[in-house]
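Worksheet: the structure to be examined is printed underneath.
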Amino acid sequence: MLKKACIRGINSFMYAIGISTVIQMLLLSFAEGMEPVLPEFGVRFPNLYIAMLAQNFLIGLTSAAFGAGSVIMEMARISLLLQSILYFVLTALVWIPVGCVCWGLHRYPGTMLVMGASYTASYVISWMIQFKQCKCNVEQINRKLLELRREAAK
């Protein structure tokens, strides 16, 4: 389980950094007047590129928490409610501080809306993964039951 969490965390970290870099480059190239980082965040660094690197790292960290935490949703020993609570707490412990540092989550209502939508989308993805896993388990159980019925009928 720990190995799976580490692999998912690393993969999520790398994907998030890649996607964020592409979005930042598109903003720099095509969106005149739009900055890839908030000015309040950018002034903490000597130049824009270092600010972008720091933001990408924090975005990757958040994504790694979401990816690694997804193994919680596969723990069959605990209820779905407890899985959801644990996942929410784990991801919120990373997501909220990063959101406050990078995007002024606590200052800008628009940012709160965007981040809330992002967080909700992440939960939807996690629930879809859980549903797929449950569906797979049910199919395996049904196959085994069918095999047992065939053996009993012989």
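Starting from 1, each residue takes its place in the sequence as its number.
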Original post:
How many angstroms lie between CD in Glu139 and SG in Cys134, if you round to the nearest 0.5 Å?
Top reply: 11.5 Å
Subject >> Side chain Tyr87, main chain Phe66, donor-acceptor under 3.5 Å >> reply: yes
Original post:
So among Leu58, Leu53, Ile59, which one has a side chain to side chain contact (heavy atoms under 4.5 Å, CB included) with Gln55?
Top reply: Ile59
Subject >> By salt bridge (Lys or Arg N to Asp or Glu O under 4.0 Å) - contacts of Glu74 (at least two apart) >> reply: Lys4, Arg8
Subject >> Main-chain N/O of Trp95 paired to Thr62 side chain as donor or acceptor, under 3.5 Å >> reply: no
**OP:** Can you measure from CG (Leu146) to NZ (Lys144) and round to the nearest 0.5 angstrom?
**Re:** 11.5 Å
**OP:** Measure the CE-CG distance between Met52 and Asn47 for me, rounded to the nearest 0.5 Å.
**Re:** 10.0 Å
Original post:
Mind checking whether Val94 and Val71 sit in one hydrophobic cluster, side chains of I, L, V, M, F, W, Y counted as touching below 4.5 Å?
Top reply: no
Original post:
About how many Å separate OG1 of Thr21 and CG of Leu26, when rounded to the nearest 0.5 Å?
Top reply: 11.0 Å
Original post:
Is there a donor-acceptor contact under 3.5 Å from the side chain of Ser12 to the main chain of Gly9?
Top reply: no
Subject >> Gap between atom OG of Ser63 and atom CD1 of Ile17 - 0.5 Å precision >> reply: 9.0 Å
Subject >> Separation of Leu82 CG from Ile72 CD1 (nearest 0.5 Å) >> reply: 9.0 Å
Original post:
Excluding sequence neighbours, so at least two apart, what forms side-chain contact (heavy atoms from CB on, under 4.5 Å) with Leu2?
Top reply: Cys6
Subject >> CE/Met25: more than 12 non-hydrogen atoms of other groups inside 6.0 Å >> reply: yes
**OP:** Apply the test ring pair (Phe, Tyr, Trp, His ring centres under 6.0 Å) to residues Phe45 and Phe41: give CA-CA distance (whole Å), side-chain angles for both, the deciding distance (0.1 Å), then the verdict.
**Re:** CA-CA 8 Å; Phe45 302 92; Phe41 182 73; 5.1 Å; yes
